[in-house]
Amino acid sequence: MANSKRPLISINPFNGETLKTFQEMSSEDIEKAIGRADEAFLEWSNRSFDERSAILKRAGQLFEERTEALARLMAQEMGKKMSDGRGELALCAEIFRYYAEEGERILAPQHLSTREGEGTLLFQPLGVVYGIQPWNFPFYQPTRFTASNLIAGNVVLTKHASNVPQCAETFAQLLFDAGVPESVYTNLPVTSGGAASIIDDDRVKGISFTGSNAAGARVAEQAGRNVKKTIMELGGVDPFIVIEDADLDLTIERFMEGKLGNCGQICLAAKRIILTEPIAKEFLQRATKLFQALKPGNPLEESTDYGPLCTEKAAEQLEEQVNQSVTAGARLLVGGKRKGAFIEPGILTEIPEGSPAAEEELFGPIACVWIVPDEEAAIKMANDSPFGLGGSVYTRDHERGHRVAEQLECGTAFVNHAASSYASMPMGGVKKSGYGRELGELGIKEFVNQKLIRHFD
């Protein structure tokens, strides 16, 4: 199964500097890595929860101890602001702590007493599991997949995004420093072409994918042919609904967080801003003024308002989506201009059907705004999408907010807060945003055998 190897190049999107070049693994090396992982499974799965928990706790500590160095690496390799990087790393530490402290309880055998008799439900590890990770959260994304599987007794292979090879290597080293045996976690420096054969290998028992819908569909199809469990997190166009009775000060603050965090490169970012008419004019006036004041800069500098996108190619794609939408009739209130990998935070309104802003995910700091007459129309607009990852609603009335959130066709909905991830709460999507859950109690049970033992006297 020979593959044509290509280098993985780490490039600083701020200045285009090549930081480091990595050699892609050969097919033979991939084969050997899978074999070593398969052999390591027996020993790792037989370790006690206490042993595995101690290692996960140490990994969480190392994320805290190394925060500044890791945040700098993300700033240099994919353009993440230092403040955003620190937030990501704090979440990584919390996820490792959560599963270290709660994993044994969540996976404890459950006694079943039903009208048909007694039984015991066991949660047993599957073996080698494979995570295909995106670049936008180089440490959080592999953390949420790895921590739950390691505490469950699985061993992990990871194919990280090709543009963050330094982060991929550094994540693996942190785990080794925490005490994870090298074959229990394996970083596979491969491109998408070199990664395909891993899914077909019978020793790989499950696949988790985070990325685009098109790529996820290909992975799911290949896994399906091999009858393998998958989790798919495929992004979305999350609604940000502002009801007329919203606290506008709070709502604008959450909008800036939800739209501009990580320069808008978040699957759960506020993608479709849906405003009810009574509050729309003031919201847009205030948001436009705030966007106009934002200044680009080096993501390593604390004063920077926004940094570059992850690559110049990503900025070019976003610029093209904006320009095509404007050509189709959308109105650009502010921003949208590109220089290198930078693109100005922008606001699009009067968006026509069929334009990229109406039909596609704009992965960056561009807010797409719709104005609707009332709550009912806002819910209809929010659900008029093939995607369903997250969403949020803003209102002073808690019961009203909960009612609207209940009606959103998505996996995660928030009231008066930008969509976020939490170690103890599951996240995932519906419709074309994918299926399955990661984090929380649901996430740890995705790649275990939920085995029933039926008892008879």
Item to check | Check against salt bridge (charged side-chain N to carboxylate O under 4.0 Å, His left out), Lys80 and Glu88 | outcome: CA-CA 10 Å; Lys80 190 187 297 284; Glu88 175 177 343; 3.0 Å; yes
Next on the checklist: Could you walk me through whether Asn136 and Asn262 satisfy the side chain to side chain donor-acceptor pair (under 3.5 Å) test, starting with their C-alpha distance in whole Å, then the side-chain angles of each, then the deciding distance to 0.1 Å, before giving a yes or no?
Outcome noted: CA-CA 8 Å; Asn136 56 337; Asn262 205 32; 5.7 Å; no
Checklist entry - Given Arg254 and Glu257, is the salt bridge (charged side-chain N to carboxylate O under 4.0 Å, His left out) satisfied, shown in steps? => result CA-CA 5 Å; Arg254 299 297 189 229; Glu257 295 170 358; 3.5 Å; yes
Item to check | Evaluation steps, side-chain contact (heavy atoms from CB on, under 4.5 Å), between Arg272 and Asp238 | outcome: CA-CA 6 Å; Arg272 289 182 298 157; Asp238 293 16; over 6 Å; no
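Side chain to side chain, Asn298 and Thr304 fail the donor-acceptor criterion of an N or O pair below 3.5 Å. Of the N and O atoms on the side chains of Ser208 and Tyr130, not one donor lies less than 3.5 Å from an acceptor on the other residue. In the model, Glu77 has no side-chain atom that pairs as donor or acceptor with a side-chain atom of Asn12 under 3.5 Å. Between the side chains of Tyr99 and Ser53, no donor N or O sits under 3.5 Å from an acceptor N or O.
Taking the six-membered ring for Trp, Phe291 and Phe255 have ring centres closer than 6.0 Å. Residues Tyr98 and Tyr422 place their aromatic rings such that the two centres sit no closer than 6.0 Å.
Taking the six-membered ring for Trp and thresholds of 30 and 60 degrees, Phe171 and Phe63 have ring planes inclined between 30 and 60 degrees apart. In this structure, Tyr306 and Phe342 have perpendicular ring planes: the angle between them is above 60°, well past the 30° mark. The aromatic rings of His417 and Phe414 lie tilted to each other, with the angle between the two planes from 30° to 60°. Ring-plane geometry between Phe145 and Phe447 is classed as perpendicular, the angle between the planes exceeding 60 degrees on a 0 to 90 degree scale with a lower cut at 30.
Thr146 places no side-chain N or O within 3.5 Å of a backbone atom of Thr143 that could act as its donor or acceptor partner.
Using a 4.0 Å cut-off between charged side-chain N and carboxylate O, Arg97 and Glu94 make a salt bridge.
Pairing each heavy atom of Ile207 with each of Ala223, the nearest pair is CD1-CB, 4.0 Å.
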